[in-house]
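This report refers to the structure that appears directly beneath it.
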Amino acid sequence: MKRLLGVLIILLFLLAACGNYEGTVVEIKDSSFMLERPSGNSEAVVEEMQLIDLTTFSGDVSSFEELEVGDRVMVVPADTPSDFPYFLPMEVIVER
């Protein structure tokens with residue numbers, strides 16, 4: 001029973017991580033930042049992450065004001081419909 005519970009917990013963590021975005025901050029704006037993500041081809045993809053009131057920062061920074069160009073981040077997106085045109089981060093985890 002404990003083994004089954006352990007496997008279930010690991011699977012839940014893996015499934016939760018599937019929708020995260022990882023990349024490097026390439027530009028910071030007033031209420032958003034540009035995230036460069038590697039893609040399957042030779043070009044990187046740059047996407048704008050629009051901050052919301054619920055966005056939290058963790059890791060090497062504790063607020064948006066501490067975020068710097070060149071920081072490596074993992075973005076946990078907010079739950080939005082699939083056709084929603086913006087990326088809204090719930091949590092931004094920063095590594096320097």
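Numbering starts at 1 and runs along the sequence shown.
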If you draw a 6.0 Å radius around OH in Y86, do more than 12 non-hydrogen atoms from other residues or ligands fall strictly inside?
-> no

Residue pairs passing the side chain to side chain donor-acceptor pair (under 3.5 Å) test with at least one member in residues 73-85, sequence neighbours excluded, are none

Those residues at least two apart in sequence (or on a different chain) that pass salt bridge (charged side-chain N to carboxylate O under 4.0 Å, His left out) with E48 are K29

Side chain to side chain contact (heavy atoms under 4.5 Å, CB included) test vs P89 passes for just one of I52, V75, V73, namely V75

**Asked** Does T24 use its side chain to pair, donor to acceptor, with the backbone of G70 at less than 3.5 Å?
**Response** no

Does Y21 belong to the same Ile/Leu/Val/Met/Phe/Trp/Tyr cluster as L51, with side-chain heavy atoms less than 4.5 Å apart forming each link? yes

Residues passing the ring-ring contact (aromatic ring centres under 6.0 Å, His included) test with F64, sequence neighbours excluded, are none

Sequence neighbours excluded, the answer for salt bridge (charged side-chain N to carboxylate O under 4.0 Å, His left out) partners of E47 is R37

The reported gap from CD1 in I93 to CE in M74 (rounded to nearest 0.5 angstrom) is 3.5 Å

Exercise. Do V69 and L67 belong together in a cluster built from hydrophobic side chains that touch within less than 4.5 Å?
Worked result: yes

Applying side-chain hydrogen bond (donor to acceptor under 3.5 Å, both in side chains) to S58 and not counting sequence neighbours gives E91

Exercise for the section: Start with the C-alpha gap between R96 and D71, add the side-chain angles, then the distance that decides, and say whether salt bridge (charged side-chain N to carboxylate O under 4.0 Å, His left out) holds. Expected result: CA-CA 6 Å; R96 289 195 169 150; D71 285 345; 3.0 Å; yes

Sequence neighbours excluded, the answer for side-chain contact (heavy atoms from CB on, under 4.5 Å) partners of V46 is V26, M34, E36

When every non-hydrogen atom of P77 is compared with those of N20, the smallest separation belongs to CD-OD1, 3.8 Å

Value for CG (L54) from OG1 (T56), rounded to nearest 0.5 Å, stands at 9.0 Å

Note to self: Below 30° counts as parallel, above 60° as perpendicular, anything between as tilted: where do the rings of F57 and F33 land?
What the structure shows: tilted

Separation between CG (L88) and OG (S32), nearest 0.5 Å, reads 11.0 Å

